[in-house]
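Any value given below was found using the heavy atoms of this structure, including those in side chains, with hydrogens, waters and symmetry copies removed.
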Amino acid sequence: MDSLTQIVLGAAVGEAVLGRKVGNKAMLYGAIAGTIPDLDVLARYFVDTVTATEWHRGFSHSVFFSILFAPIFGWLIWKINPKSTATFKDWSWLMFWGLFTHPILDAFTTWGTQLFWPLKMRLAFQSIFVIDPLYTLPFLVFLILAMGQKRTSPKRRKYNQWGILVSSSYLLITLLLKGVAYKQLKNGLITQGITYKEMDIRPTPFNTLLWTANVDTKDAYLIGNYSFFDSKPIAFSSYPKNHELLGSLATKDKVVRLIAITEGWFTLSQENEKLLFNDLRFGLLSLKPNETKFAFTYELKNTEHGLEVVEAPKTPSDAEGLFESLWNRIWGN
């Protein structure tokens with residue numbers, strides 16, 4: 001999830017664990033704990049694109065990381081606050097829950113987390129977009145209300161509990177919504193007589209009313225959108241796999257790893273003599289008809305030093321009109 005959401009969750013967890021004893025400091029250190037796992041993004045400055053992508057939401061988002069670093073960070077906070085009534089154990093417990101709830105929340109997104117690292121299994125429920133105002137804003141309001149109360153006030157604890165309860169309930173609701181959307185998309189394929197191998201669905205940006213599906217057929221992937229307000233049949237657009245464009249690159253280490261990262265959901269395309277590897281898991285850049293650009297695309301470049309994988313840059317114009325088209329599509333086709 002986005003940084004603000006993880007800060008809010010971390011602060012609320014910190015308050016729940018130690019707020020009664022140390023007040024707003026519990027929120028502060030909980031918020032810090034909630035942001036630490038995402039520091040893995042700094043890896044992109046030190047390693048190649050494929051390795052950085054593999055590491056993202058890996059070790060730092062695991063149970064092992066939380067157990068290992070909670071006492072280390074707890075000890076540092078204990079030393080920084082020698083006059084606090086909280087013990088080393090108290091601070092370690094706060095840091096553990098702040099670190100651990102971060103990947104639990106991320107597990108509901110499309111990217112998921114390697115919660116059980118070093119096992120390669122990635123946990124991804126794919127029921128919420130990385131930025132979802134309906135999750136974050138009510139949670140933030142309750143947190144602010146709690147922050148304004150005295151440390152020992154019953155209202156402070158109640159506001160914080162309500163924030164955790166409402167946000168957690170919303171997460172569970174997203175799983176139910178996904179189930180309903182999956183059934184509707186599946187029925188749409190059956191009604192249209194489309195034979196497919198596998199279907200993968202996820203919410204579109206910023207909401208859980210409009211869902212998008214990747215459908216694996218023999219030679220192409222179909223992409224279709226379904227809103228709970230739809231009144232017409234679901235339209236599926238076809239995108240050729242073009243996997244044969246890889247040629248001898250198919251056995252290259254970086255390509256094999258990139259395919260593993262996408263879990264096989266990828267297409268290839270050529271643009272101005274560039275070979276582009278498109279990750280389908282995060283969908284298209286917009287809802288425009290005949291859109292061909294994907295949210296995550298990598299250029300495969302043969303250089304004198306070997307194969308180089310470079311993430312294609314995004315520009316503000318790529319998302320032009322996204323919010324308007326998204327808003328209109330949410331309310332039905």
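- A distance below 6.0 Å separates the ring centres of Y221 and W265.
- Here the closest heavy-atom approach between residue P138 and residue P133 is recorded as CD-O, 3.5 Å.
- You'll find the ring centres of F139 and Y170 outside the 6.0 Å limit.
- One distance of note links CG of D279 with CG of L258; it measures 7.5 Å at 0.5 Å rounding.
- I173 CD1 to T208 OG1: the interatomic distance, rounded to the nearest 0.5 Å, is 8.5 Å.
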In sequence, state the C-alpha distance, the side-chain angles, and the governing distance for D2 and V130, and then conclude on side-chain contact (heavy atoms from CB on, under 4.5 Å).
CA-CA 6 Å; D2 64 284; V130 291; 5.8 Å; no

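- You'll find the ring centres of F88 and W75 outside the 6.0 Å limit.
- To the nearest 0.5 Å, atom NE2 of residue H61 and atom NE2 of residue H56 are 6.0 Å apart.
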Between Y298 and T53, is the side-chain contact (heavy atoms from CB on, under 4.5 Å) condition met? List the steps.
CA-CA 11 Å; Y298 304 89; T53 305; 4.2 Å; yes

Full working for side-chain contact (heavy atoms from CB on, under 4.5 Å) between N214 and M199:
CA-CA 6 Å; N214 291 338; M199 179 170 65; over 6 Å; no

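- A cation-pi geometry, defined here as NZ or CZ lying under 6.0 Å from the six-membered ring centre and within 45° of its normal, does not hold between K183 and Y226.
- In this structure, K178 forms no cation-pi arrangement with F125, as its terminal cationic atom is not both closer than 6.0 Å to the ring centre and no more than 45° off the ring axis.
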Mind running side chain to side chain donor-acceptor pair (under 3.5 Å) on Q114 and S62 for me, showing each step along the way?
CA-CA 6 Å; Q114 276 184 265; S62 66; over 6 Å; no

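- Within 6.0 Å of the NZ atom in K293, the count of heavy atoms belonging to other residues, nucleotides or ligands does not exceed 12.
- The shortest side-chain heavy-atom distance between V17 and M95 does not fall under the 4.5 Å cut-off.
- By the neighbour-count criterion of 12 heavy atoms within 6.0 Å, atom CD of E244 is densely surrounded, having more than that number from other residues, nucleotides or ligands.
- In this structure, R202 contributes its side chain and T110 its backbone to no donor-acceptor pair below 3.5 Å.
- In plain terms, the two heavy atoms of H243 and L268 that are nearest each other are CA-CD1, 3.6 Å.
- Each of L115, I36, L99 was compared with S66 under the side chain to side chain contact (heavy atoms under 4.5 Å, CB included) criterion, and only L99 meets it.
- L140 contributes atom CG, which lies 11.5 Å from atom OG of S167 (distance to the nearest 0.5 angstrom).
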Checking side chain to side chain donor-acceptor pair (under 3.5 Å) for the pair T113/D106: CA distance, chi angles, key distance, verdict?
CA-CA 6 Å; T113 60; D106 277 349; over 6 Å; no

Dump the intermediate steps for side chain to side chain donor-acceptor pair (under 3.5 Å) on S325 and N328, then the final yes or no.
CA-CA 5 Å; S325 60; N328 291 334; over 6 Å; no

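- Side-chain polar atoms of T212 and N225 form a donor-acceptor pair below 3.5 angstrom.
- L105 has its side chain within reach of Q6: a pair of non-hydrogen atoms, C-beta onward, lies under 4.5 Å apart.
- When only modelled atom types and interatomic distance are considered, R257 and T51 share a side-chain donor-acceptor pair under 3.5 Å.
- The OG atom of S169 sits 11.5 Å away from the CD1 atom of I164 when rounded to the nearest 0.5 Å.
- The aromatic rings of F294 and Y239 sit perpendicular to each other, their planes meeting at more than 60°, with 30° as the lower class boundary.
- With respect to F129, the ring-ring contact (aromatic ring centres under 6.0 Å, His included) criterion is satisfied by exactly one of W211, F282, F206: F206.
- Proximity of F228 to I330: side-chain heavy atoms (C-beta onward) are nowhere separated by under 4.5 Å.
- Taking every heavy atom of both residues into account, A220 and P240 meet most closely at CB-CA, 3.9 Å.
- For K254, the NZ atom is densely surrounded, since the number of other residues' heavy atoms within 6.0 Å is greater than 12.
- Nearest heavy-atom pair, N333 versus S231, reported as atom, atom and distance to 0.1 Å: OD1-N, 3.1 Å.
- Under the 30°/60° scheme for interplanar angles, the aromatic rings of W93 and W97 are found to stand perpendicular.
- In this structure, R281 satisfies the cation-pi test against W111, with its NZ or CZ atom closer than 6.0 Å to the six-membered ring centre and inside 45 degrees of the ring normal.
- Looking at Q192, its side chain does come within 3.5 Å of a backbone N or O of I234 through a donor-acceptor pair.
- Taking all atoms of both residues into account, the shortest heavy-atom contact from T101 to V13 is OG1-CG2, 3.8 Å.
- A heavy-atom distance below 4.5 Å is not found between the side chains of T35 and D38.
- Taking the six-membered ring where tryptophan is involved, the planes of W331 and F229 are tilted, since the angle between them lies from 30° to 60°.
- Note that OG of S237 is 8.5 Å distant from CG of L222, once rounded to the nearest 0.5 Å.
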Can you check side-chain contact (heavy atoms from CB on, under 4.5 Å) on W91 and L18, steps first, answer last?
CA-CA 8 Å; W91 290 118; L18 210 55; 3.8 Å; yes

